[in-house]
2 protein chains.
Amino acid sequence: MKPTIYNVAEQAGVSIATVSKVINNTGRISDKTKKKVLKVMKELNYQPSVVASALTGKRTQTIGLLIPNIANPFFAEIARSMEDRAHELGFSVVMCSTDYQQEKEEKYISLLIRKQVDGFILASGFKSTHLIEELVKQKIPVALIAHDIASLSLDTVSVDDYKGGYQAVSHLASLGHERISIIAEEVRSNDDRIRGYQDALEAYGLIFDSSLLTRTASTVDAGKQEAERLLRLKERPTAIFASNDILAIGAIQGARACGLSVPEDISIVGFDNTILATISDPPLTTVAQPVHDMGRHVMDLLVEEIEGKKTMKQRMMLSPELVVRNSTAAPLIR
Amino acid sequence: MKPTIYNVAEQAGVSIATVSKVINNTGRISDKTKKKVLKVMKELNYQPSVVASALTGKRTQTIGLLIPNIANPFFAEIARSMEDRAHELGFSVVMCSTDYQQEKEEKYISLLIRKQVDGFILASGFKSTHLIEELVKQKIPVALIAHDIASLSLDTVSVDDYKGGYQAVSHLASLGHERISIIAEEVRSNDDRIRGYQDALEAYGLIFDSSLLTRTASTVDAGKQEAERLLRLKERPTAIFASNDILAIGAIQGARACGLSVPEDISIVGFDNTILATISDPPLTTVAQPVHDMGRHVMDLLVEEIEGKKTMKQRMMLSPELVVRNSTAAPLIR
DNA sequence: CTGAAAGCGCTAACAA
DNA sequence: TTGTTAGCGCTTTCAG
């Protein structure tokens, strides 16, 4: 059997209260007995039970992470950064892929509540706002990553999507492109990227042509289809801003399918700067989200919340950064 | 406060024992009281505490997953399939990325033991064999995925690496390639892929040239470097078998850096069939691991073990399957 | 068919 | 400085 606090107490000739105190470093214990207890714990290879301690009202030291899909590189990379920070702070993370289904969101939240997780991190794509309100009502700490919900006052870490869109399009416009198309994903965060796109156009004196704006699901194929469609327009764009790397890679494929080469005939910029951007051919110019910082910061916010050393909810909006690679160039003179 | 079993007992006018029985569907309860209790549970929105029940010796319904890095697409995809099956079976999974560091392996295992996970799944790249033995000794269920440890009798689901290597190289040889190189990752599972490579060569009457065999770390850059080196050999290979998609993509880049085009001048095949293979340019011919089945099967094995309905450890070796895309072709006649 | 009561391993007053 | 004790929320005999 695994040793319990009773075993070490007995072995050390003290009470369980004393053992508990040395485990948690609380109360005042003489050096001598402390040393003795520590020694016995080591000898018995005693590991305090988190379960038992959680039952007395302490934390489970685990946090629930709800993301759309861990198999998506962007989310996997964010998850990794959160996991690392969580471990540094003494927490474990249980992962739940929701596939954007409210049914799963609900199921996993209630499951994790029963398991007494100390808090939740909800990634972009989380739809069930009413569940968040419920959590707040139950005083369960929640933080948002990679999206913001204006109507709710929550700890939030997101990226400045407007700025990201603006940067991407400015880059293209400053290269000399005048017909710039956008392929956006069908999610809320993309609204800001689109606004950034529009404002950048305007800043460069370009007119916004709604036939150059298209929204679709986030798959390589969808990106390819849309790009092909756009490139078959009578007045085709010379540049495409895709709202994530997957769509951008689809767009590259679409361009090639139309017999165009990237970046000579058409420039393409993505968003996220996932591993996909580095291995694409040509390497993708893309707007990088500071994934590492984002993960670290939400976890910090959430844990502070959990440990009660916070008075206010905090929203952090980090800046994206354009990473120029080889999928963009000046348009050919024609 | 969250309602407890006492609240519902009181509200329903029965004892907590009765409530417990209806929760767990144990013992014999009259339909009438059962219905009443159920009703009260619903009214109070009662959720039994997993923590409390775990303390009485029941399961925590959570399993620990140790993988090298969730940000690596191959592991992310496997993790996803395991997560799905776990949820279907009523378990949660907590993820731990070990970065191939024994220090982390040890830390996470001991952490999860304290949290009373019901079992562990250790993915390829797990090094600390002694820790596994320790788990076995403590009667904690363990299963292995994507690798096998011959010396240990464990539930294991892996892929036939030998066969995968054989398939990859057979494909190349049957296309007419005679100088086939291999870039392998520095991990044990790759030994079998190399044996498959060698045997396939022999089967096609080709001689094994050790200068065409190289081992390296698994990064795009390493793949590129090695490919460049190989392609600068006086008698350069006309095909490269890379032992995973990342290396293969690096190899494609290396080939291009040497002014060669894929697959016209050089054929390249990868391994894993991750998302990377589908977005690479050209799309990568690669050996697919049946990730979905693998995840499902380990989880099934582990859970059976956890629930004690198993008498023997089981090893499953699934077959890989060659997926032919556009990175391979017959060599040019010269 | 139902309930009383003894734990599960640990924490936190409160005494001593 | 150390120990006694009453829970935490649930499961499980064992009586009734």
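Sequence lines set the chain letters: A, B, ... in the order given, protein chains first and strands last, and positions in each chain run from 1.
- A:K107 meets the salt bridge (charged side-chain N to carboxylate O under 4.0 Å, His left out) test with no other residue; sequence neighbours excluded.
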Report all side-chain donor-acceptor pairs from residues 135-146 of chain A shorter than 3.5 Å, counting only partners two or more places apart or in another chain.
{"unit_1": "A:Q138", "atom_1": "NE2", "unit_2": "A:E134", "atom_2": "OE2", "d": "3.3"}

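- In the helix from C:dC1-D:dG16 to C:dA16-D:dT1, the terminal helix axes, each the rotation mapping four pairs' C1' atoms onto the next four within five end pairs, subtend 40°, rounded to 10°.
- Considering only residues two or more places apart in sequence or on other chains, B:Q47 meets the side chain to side chain donor-acceptor pair (under 3.5 Å) condition with none of them.
- A salt bridge between B:K309 and B:E304 is absent, with no side-chain N of the basic residue lying under 4.0 Å from a carboxylate O of the acidic one.
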Atom pairs under 3.5 Å: protein N/O with N/O of nucleotides 14-16 of chain C:
none

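- Here the C1' atom of nucleotide C:dG9 and the CG atom of B:L55 are 5 Å apart, to the nearest Å.
- Remark: B:Y46, B:P48, B:S49, B:A52, B:S53 in residues 44-53 of chain B come within less than 4.0 Å of DNA chain D through at least one heavy atom.
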Mind running salt bridge (charged side-chain N to carboxylate O under 4.0 Å, His left out) on A:D155 and A:R315 for me, showing each step along the way?
CA-CA 6 Å; A:D155 286 305; A:R315 289 182 139 90; over 6 Å; no
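- The ring pair (Phe, Tyr, Trp, His ring centres under 6.0 Å) search around A:Y108 returns B:H87, not counting sequence neighbours.
- Residues in residues 27-85 of chain A take part in no ring pair (Phe, Tyr, Trp, His ring centres under 6.0 Å) pair, two or more places apart or across chains.
- Between A:I5 atom CD1 and C:dA12 atom C1' the separation is 12 Å, expressed in whole Å.
- Residues of residues 6-18 of chain A having a heavy atom closer than 4.0 Å to DNA chain C, listed by number: A:Y6, A:I16, A:A17.
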Please assess B:Q116 against B:T60 for the test side chain to side chain donor-acceptor pair (under 3.5 Å), listing each intermediate value before the final yes or no.
CA-CA 7 Å; B:Q116 236 135 281; B:T60 51; over 6 Å; no
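- With sequence neighbours left out, the salt bridge (charged side-chain N to carboxylate O under 4.0 Å, His left out) criterion links A:D99 to A:K104, B:R80.
- Along DNA chain D, the stretch of nucleotides lying under 4.0 Å from any heavy atom of chain B spans, 5' to 3', D:dG9 to D:dT12.
- Residues A:L152 and A:E133 form a side-chain contact, since some pair of their non-hydrogen atoms from C-beta on lies under 4.5 Å apart.
- By the 6.0 Å contact criterion, NE2 on B:H147 is enclosed, its count of non-hydrogen atoms from other residues, nucleotides or ligands being greater than 12.
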Start with the C-alpha gap between B:K115 and A:T62, add the side-chain angles, then the distance that decides, and say whether side chain to side chain donor-acceptor pair (under 3.5 Å) holds.
CA-CA 9 Å; B:K115 295 203 177 176; A:T62 112; 5.3 Å; no
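- Residues B:C96 and B:L65 have side chains not in contact (no heavy-atom distance under 4.5 Å, counting atoms from C-beta outward).
- When all heavy atoms of B:K34 and B:I29 are compared, the pair lying nearest together is N-CG2, 3.9 Å.
- Annotation: proximity of residues 30-38 of chain B to DNA chain D (heavy atom, distance under 4.0 Å) is found for no residue.
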